[in-house]
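Each ligand, and each atom within it, is numbered from 1 in the order the structure gives.
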Amino acid sequence: MQAAWDARKHSCCDYSHFAVGAALESADGRIFAGCNIENATYGLTVCAERVAVFKALSEGVRAFQRIVVVTGAESITPPCGACRQILWEYCGDVPLTASNESGATKTWRMSELLPHAFDSKNLR
Ligand code: THU
């Protein structure tokens, strides 16, 4: 949780002003954190969750146990559809905990967030 809040401080969100932090814990206990990164084209924005996943994957890490996502919104922020797809494919059915500045938290499993997922099994 603290790693996600720390990463959120680095958010590049000049366009939305919506700062997001994420922290992904690998199976062996290492933490990979990320923040959302926006740019002038808007569409090339990468969410905090995907930054965290891509950091871990690019360092050769392939097994994960949980992910935390934090925002300053009043209500809990669930992950966007693109992040659900990536998290499902690379992290599997891990718990995702979302929190906000009030300290409220909500935890889902990825299979709840992305039921009937399309993944590599559908390509066989
Ligand atoms: N965002 C995330 O980083 N994660 C989410 O789960 C939802 C949205 C970012 C994308 C964009 O930079 C900003 O929040 C507003 O959509």
Test question: given the 4.5 Å side-chain rule for I, L, V, M, F, W and Y, name all other residues clustered with Tyr15, or answer none. Tyr42
Connecting only ILVMFWY residues whose side-chain heavy atoms lie within less than 4.5 Å of each other, what is the rest of Leu113's hydrophobic cluster? Phe18, Val20, Leu24, Phe32, Val53, Phe54, Leu57, Val61, Phe64, Ile67, Val69, Ile76, Ile86, Leu87, Trp88, Tyr90, Val94, Leu96, Trp108, Met110, Leu114
What are the polar N/O contacts of ligand 1 with the protein below 3.5 Å, with distances?
{"from": "ligand 1", "atom 1": "3 (O)", "to": "Ala48", "atom 2": "N", "distance (Å)": "2.9"}
{"from": "ligand 1", "atom 1": "4 (N)", "to": "Glu49", "atom 2": "OE1", "distance (Å)": "2.8"}
{"from": "ligand 1", "atom 1": "4 (N)", "to": "Glu49", "atom 2": "OE2", "distance (Å)": "3.4"}
{"from": "ligand 1", "atom 1": "6 (O)", "to": "Glu49", "atom 2": "OE1", "distance (Å)": "3.4"}
{"from": "ligand 1", "atom 1": "6 (O)", "to": "Glu49", "atom 2": "OE2", "distance (Å)": "2.5"}
{"from": "ligand 1", "atom 1": "12 (O)", "to": "Asn36", "atom 2": "ND2", "distance (Å)": "2.9"}
{"from": "ligand 1", "atom 1": "12 (O)", "to": "Glu38", "atom 2": "OE2", "distance (Å)": "2.4"}

Considering residues at least two apart in sequence or located in another chain, which fulfil the side-chain contact (heavy atoms from CB on, under 4.5 Å) criterion with Cys12? Ile37
Does atom CZ of Arg84 have more than 12 heavy-atom neighbours, drawn from other residues, nucleotides or ligands, at distances under 6.0 Å? yes
Rounded to the nearest 0.5 Å, what separates atom OG in Ser120 from atom CD in Glu89? 6.5 Å
Output the distance between atom CZ (Arg62) and atom SG (Cys91), rounded to the nearest 0.5 Å. 11.0 Å
